[in-house]
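Quick notes on the structure that follows.
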Amino acid sequence: MDSFELNKIMGAVLGALLFAVGLNIFSGILFTPKKPAVPGYDLPVPQEETAGGSGQAQAQDQPLPVLLASADANKGQNAAKKCAACHTFDKGGPNKVGPNLYGVVGRPVASHAGFNYSAALKAKGGEWTYEEIGKFIKNPKADVPGTIMAFAGVPSGQERADILTYLRTLSDNPVPLPTQ
């Protein structure tokens with residue numbers, strides 16, 4: 001094989017590659033997809049309730065002492081099973097992803113020994129009262145922005161009251177329920 005034949009073969013390969021690249025560029029120009037102004041899909045927005053509302057919405061708007069008066073600790077224990085994925089409720093129980101919740105009512109915020117709390121929860125300060133726990137478990141991310149608690153919350157006011165009543169039973173010296 002002489003150099004002239006080698007040049008013809010290399011020229012044919014180079015020409016084929018040049019043709020393929022040119023075809024790719026031309027087809028990219030010809031068939032360019034139209035990109036949306038905002039990527040993704042619009043999700044449907046839930047309908048807001050009418051002015052009349054429902055009985056459940058009115059129950060959620062009731063003050064915490066009213067909800068606690070009709071709360072059931074047994075229902076709260078069942079509702080707290082969703083919390084058991086990250087928390088323990090036994091006296092002296094270990095910390096899991098979240099701290100042990102035995103005796104949490106009346107305890108200072110971010111104070112359970114051996115648990116590494118987020119900076120946002122440490123900065124919150126104060127004490128875990130029924131009202132504070134109720135606000136926190138309704139929507140943790142809204143109550144304490146920056147918390148690492150990855151829980152959507154408990155939207156039902158009565159269910160939160162049941163959980164609070166159950167948490168009250170988890171104490172050697174239960175904090176009295178608020179009356180007003």
Exercise for the section: Determine whether Phe26 and Phe31 fall in the same hydrophobic cluster, where Ile, Leu, Val, Met, Phe, Trp and Tyr are linked whenever their side-chain heavy atoms lie under 4.5 Å apart. Expected result: yes
Fill in the blank from the handout: Smallest heavy-atom separation, Glu159 atom then Ala79 atom, equals OE2-CB, 3.6 Å
Fill in the blank from the handout: To the nearest 0.5 Å, atom OG of Ser111 lies from atom NZ of Lys122 at 12.0 Å
Practice task
Report yes if the side chains of Phe136 and Lys124 come closer than 4.5 Å at any heavy-atom pair, otherwise no.
Solution key: no
Problem - Heavy-atom closest pair, residues Ala120 and Pro145 - result: CB-O, 3.3 Å
Handout entry: Residues, nucleotides or ligands: over 12 heavy atoms within 6.0 Å of Asp2 CG
Key = yes
Problem - Non-hydrogen atoms of Ile137 and Phe151 that approach each other most closely - result: O-CE2, 4.2 Å
Exercise for the section: Could you give me the CA-CA distance, side-chain angles and deciding distance for His112 and Asn95, then say whether side-chain contact (heavy atoms from CB on, under 4.5 Å) is met? Expected result: CA-CA 9 Å; His112 192 268; Asn95 294 324; 3.1 Å; yes
Handout entry: Steps toward side-chain contact (heavy atoms from CB on, under 4.5 Å) verdict (Leu18, Leu14)
Key = CA-CA 6 Å; Leu18 190 60; Leu14 185 61; 5.6 Å; no
Handout entry: Lys135 with Glu132: basic N within carboxylate O range, under 4.0 Å
Key = yes
Handout entry: Cluster overlap Leu64 with Val175, hydrophobic side-chain contacts below 4.5 Å
Key = yes
Exercise for the section: Could you pull out the closest heavy-atom pair between Pro140 and Gly153, with the gap in Å? Expected result: CD-CA, 3.9 Å
Practice task
For residues Pro174 and Arg168, report the shortest heavy-atom separation together with the two atoms involved.
Solution key: CB-O, 3.6 Å
Handout entry: Approximate separation, where rounding is to 0.5 Å, of Tyr166 OH and Asp72 CG
Key = 12.5 Å
Problem - Single-linkage hydrophobic cluster, 4.5 Å side-chain cutoff, Ile163 and Leu101 together - result: yes
Exercise for the section: May I ask you to decide if Lys138's main-chain N or O and Arg160's side chain share a donor-acceptor pair within less than 3.5 Å? Expected result: no
Exercise for the section: Please test Gln77 against Phe89 for side-chain contact (heavy atoms from CB on, under 4.5 Å), starting from the C-alpha separation and ending with a verdict. Expected result: CA-CA 10 Å; Gln77 184 175 12; Phe89 298 97; over 6 Å; no
Practice task
Report the distance from atom OH of Tyr102 to atom OG1 of Thr169, rounding to the nearest 0.5 Å.
Solution key: 8.5 Å
Problem - Any donor-acceptor N/O pair, Thr88 side chain to Pro94 backbone, under 3.5 Å - result: yes
Exercise for the section: Examine Leu164 and Leu67 and state if one hydrophobic cluster contains both, with Ile, Leu, Val, Met, Phe, Trp and Tyr joined whenever side-chain heavy atoms are less than 4.5 Å apart. Expected result: no
Handout entry: Taking every non-hydrogen atom, the tightest pair across Pro65 and Pro178
Key = CB-O, 3.5 Å
Problem - Side-chain donor or acceptor of His87 paired with backbone N/O of Asn100 under 3.5 Å - result: no
Exercise for the section: For Lys141 and Thr147, indicate whether the former's side chain and the latter's backbone hold a donor-acceptor pair under 3.5 Å. Expected result: yes
Practice task
Look at the side-chain heavy atoms of Ile, Leu, Val, Met, Phe, Trp and Tyr, link any pair under 4.5 Å apart, and say whether Tyr117 and Ile148 land in one connected group.
Solution key: no
Practice task
Find the distance between CG (Asn24) and CD1 (Ile29) and round it off to the nearest 0.5 Å.
Solution key: 10.0 Å
Completion exercise
Rounded to the nearest 0.5 angstrom, the CD-CG distance for Glu131 and Leu68 is 8.0 Å
Practice task
Take Gln158 and Ser70, measure what side-chain contact (heavy atoms from CB on, under 4.5 Å) needs, and give me the verdict at the end.
Solution key: CA-CA 8 Å; Gln158 189 59 53; Ser70 62; 3.4 Å; yes
Handout entry: Reported CG-to-CD1 distance for the pair Asp143 and Ile133, which is rounded to 0.5 angstrom
Key = 11.0 Å
